Amino acid sequence: MAELVVALDFKDAKSALSMAESLKGTATWMKVGLELFTAEGPTVVKGLKEMGFKVFLDLKFFDIPNTVQGAIRSAARLGVDMVNIHALGGERMAKAAMAGCAEGVEPGEEPPLVLAVTMLTSMAAGDLPVDGAPEPSEMALDLAVKAKQYGLNGVVCSGLEAERIKAACGSDFIALTPGIRPADSAGDDQRRVVTPAQAVRNGSGFLVVGRPITGASSPAEAARAILAEMDSA
Ligand code: C5P
C-alpha cells in the first residue's frame, strides 16, 4: 500500500504545524525540507513527532563521507523516520551514511530509512550541466542500481522511472516519488511529473506531494482526493 507524504515547504514552524494540524487523520507522513529546516531546525521535527506524524527529513546530504556520516547520525538521534543523501556521492559516502544511521539509534530502536536522490524531478534532458550527460531517466536507473548495491533502502526518483527501478532493484527497494501532479493541476517547476494513480501503478511506495495539497483552498480535501486516486489505482 503506497503512502502519501506531504511536503511542508513553509517559511516558519507556525505555518507548517498549522498545515500539519489540518491534515491530522488524513496523512501519516510529513516532509521537512531545506526551507523549513533552515528556518526552524530540529524544533519543527520534534513538534511533528509530538503530533504523531512520521517525518521524512529531506535535506539531501551531499558531502565528504565523514560529514555525511555525522549528519545522518544526528538525524537518526533526532528521531526522524526517513532521511536522504545524493546517490551521486558514490559508494563511500553511501556506506558512511548507513554507518551513521546505525550509530544514531539505541539498540533495538528502528533506524530511519535512508534513501538516495537519483535525479531531481525538476530536471529534464539538457538540464544537467555536463556535456554528453545521459538522459535523466537512464541516469536515475543507473544510480538506483548502485544505491541498491551500496546497501541503501531505496531511492527518490520520478514516477516515470519507478517501474524500471523496481524491476531492476527488487520489490523491497523503495521508490519514493516527488513530482506528483493530479491531472488538472499546475506543473510548477517540476518537469518529470506523473499523476498519483500513475505513480502507484508504477510501483511508487511513497508519493511526495507539496503544492497541490498545501496550496489548495482545502488541503485536507485535496489530500483525501489524492489518497482516493491512489487507492483506486
Ligand atoms: O510542491 P511539490 O509537490 O512540487 O513538492 C515536491 C517536494 O519534493 C519539494 O519539497 C521538493 O523539495 C521535493 N523533492 C523533489 N524532487 C526530488 C526530491 C525532493 O521535488 N528529487
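Numbering of ligands and ligand atoms starts at 1, following listing order. Since we're looking at a predicted model, the values are computed, not measured.
By the 4.0 Å N-to-carboxylate-O rule, Asp188 lies close enough to Arg181 to be salt-bridged with it. Salt-bridge check for Lys54 with Glu3: failed, with every basic side-chain N at 4.0 Å or more from each acidic carboxylate O. Salt bridge status for Arg224 with Glu229: absent, with no side-chain N to carboxylate O gap under 4.0 Å. With respect to Lys166 and Asp172, no salt bridge is recorded, no charged nitrogen being found less than 4.0 Å from a carboxylate O. Ion pairing between Asp81 and Lys49 holds under the 4.0 Å rule for side-chain N and carboxylate O.
Taking only non-hydrogen atoms, the option from Lys31, Arg181, Arg192 nearest to atom 2 (P) of ligand 1 is Arg181. The nearest non-hydrogen atom to atom 17 (C) of ligand 1, considering only Gly215, Gly210, Ser122, Pro178, comes from Pro178.
Residue contacts with ligand 1 include Asp9, since one of its heavy atoms falls under 4.0 Å from the ligand.
Of all atoms in ligand 1, listed by their number and element, those nearer than 4.0 Å to a heavy atom of Arg211 are 1 (O), 2 (P), 3 (O), 4 (O). Residue contact check: Pro212 has heavy atoms under 4.0 Å from atoms 3 (O) of ligand 1. The ligand atoms of ligand 1 that sit less than 4.0 angstrom from a heavy atom of Asp58 are 12 (O), 13 (C), 19 (C). Residue Ala7 has at least one heavy-atom neighbour below 4.0 Å for each of these atoms of ligand 1: 7 (C), 10 (O). The distance from ligand 1 to the heavy atoms of Val208 drops below 4.0 Å at these ligand atoms: 7 (C), 8 (O).
Contact annotation for Val156 and ligand 1: only side-chain heavy atoms (C-beta onward) come within less than 4.0 Å of the ligand.
Using cut-offs of 30° and 60° for the angle between ring planes, the Phe62 and His86 rings count as tilted.
Side-chain contact of Glu91 with Gln149: a donor-acceptor pair under 3.5 Å is absent, judged by distance alone.
At the top of the distance list for atom 18 (C) of ligand 1, counting protein heavy atoms only, stands Lys60 CE, 3.3 Å. Gln190 NE2, 2.9 Å is the protein heavy atom nearest to atom 20 (O) of ligand 1.
At under 3.5 Å, a nitrogen or oxygen of Thr121, whether backbone or side chain, sits near a nitrogen or oxygen of ligand 1.
Between Phe206 and Trp29, the distance separating the two ring centers is shorter than 6.0 angstrom.
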